Q: 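Before I ask anything, here is the structure I am working with.
First listed ligand is number 1; within each ligand, the first listed atom is number 1. Every value quoted in this text rests on a predicted model; they were computed, and no experiment measured them. Sequential numbering from 1 along the given sequence is applied to the chain's residues.
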Amino acid sequence: MDKQDSHHNQALLPNQCGSSHSQTIDAPLPLVWSIIRQFDNPQAHKQFIKSCTMRAGDGGTAGSIREVTVSSGLPGSSSMERLDKLDDDKHVMNFSIVGGDHKLANYSSITTLHKEDEEEEKGGSEKTVVTQSYVVDVPAGSSKEDTCLFADTIVGCNLRSLAKVTEKMAENSVHQEVLVRQMYC
Ligand code: A8S
């Protein structure tokens with residue numbers, strides 16, 4: 001078991017639900033991390049975000065608070081979110097929802113990155129595994145299944161969007177290198 005997996009073993013209270021998602025991305029870890037770590041710019045990889053405004057801190061330190069507004073058509077419209085942890089060495093980021101106009105009370109999410117172990121292709125592309133898990137209260141009148149299904153759908157969309165964005169960036173930087181080599185070698 002990987003050391004980082006311990007981050008994803010969050011204890012659940014009886015009125016809570018949660019789950020964990022992993023996504024393998026065909027892009028190097030530093031690139032993926034550079035996108036994830038931008039607490040003040042979640043729209044760089046998340047879907048459904050209309051705007052993000054910092055309400056406290058600069059987004060680079062724990063305690064920073066952002067207010068996001070989301071696309072219409074979703075059950076919520078805005079969310080106040082606090083950065084709990086941003087570890088540039090271990091590649092761990094942790095945030096909690098602390099308010100807003102939606103049903104995800106006490107939502108807390110943790111994202112960790114690690115390099116995919118692949119011995120096969122040396123000099124080939126580097127892959128990154130992103131694991132994101134969350135815990136959230138089940139609202140009165142709702143079931144665990146429905147609450148998790150909703151959060152899982154959003155988390156899944158966001159992870160696929162992160163993969164798409166960073167894979168495109170990785171691909172472009174390879175093209176760039178080829179161009180530079182063609183010009184100078
Ligand atoms: C995240 C995860 C989630 C965000 C949810 C689950 C949310 O931003 C959206 C719609 C809602 O109704 C709730 O990592 C809320 O952001 C997209 C506004 C919180």
Q: Tell me whether Arg82 forms a cation-pi arrangement with Phe95, defined as NZ or CZ under 6.0 Å from the six-membered ring centre and within 45 degrees of its axis.
A: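 So Arg82 doesn't make the cation-pi contact.
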Q: Which residue pairs satisfy the ring pair (Phe, Tyr, Trp, His ring centres under 6.0 Å) criterion with at least one member in residues 132-169, sequence neighbours excluded?
A: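 For residues 132-169: Tyr107-Tyr134.
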Q: Just to verify, what does Glu167 make a salt bridge (charged side-chain N to carboxylate O under 4.0 Å, His left out) with, not counting sequence neighbours?
A: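 Expected list: none.
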Q: Can you tell me if Lys103 has over 12 outside heavy atoms packed within less than 6.0 Å of its NZ?
A: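 Not more than 12 within 6.0 Å, no.
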Q: Give me the pairs of N or O atoms, one from ligand 1 and one from the protein, that sit under 3.5 Å apart.
A:
from, atom 1, to, atom 2, distance (Å)
ligand 1, 12 (O), Gly76, N, 2.9
ligand 1, 14 (O), Lys46, NZ, 2.8
ligand 1, 16 (O), Lys46, NZ, 2.9

Q: Ignoring hydrogens and angles, write down the donor-acceptor pairs under 3.5 Å from the side chains of residues 41-53, residues two or more places apart or on other chains.
A:
from, atom 1, to, atom 2, distance (Å)
Asn41, ND2, Gln38, OE1, 2.8
Ser51, OG, Thr69, OG1, 2.6

Q: Is Thr24 close to Thr128 at the side-chain level, that is, under 4.5 Å between some pair of heavy atoms?
A: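 Of all side-chain heavy-atom pairs linking Thr24 with Thr128, none is under 4.5 Å.
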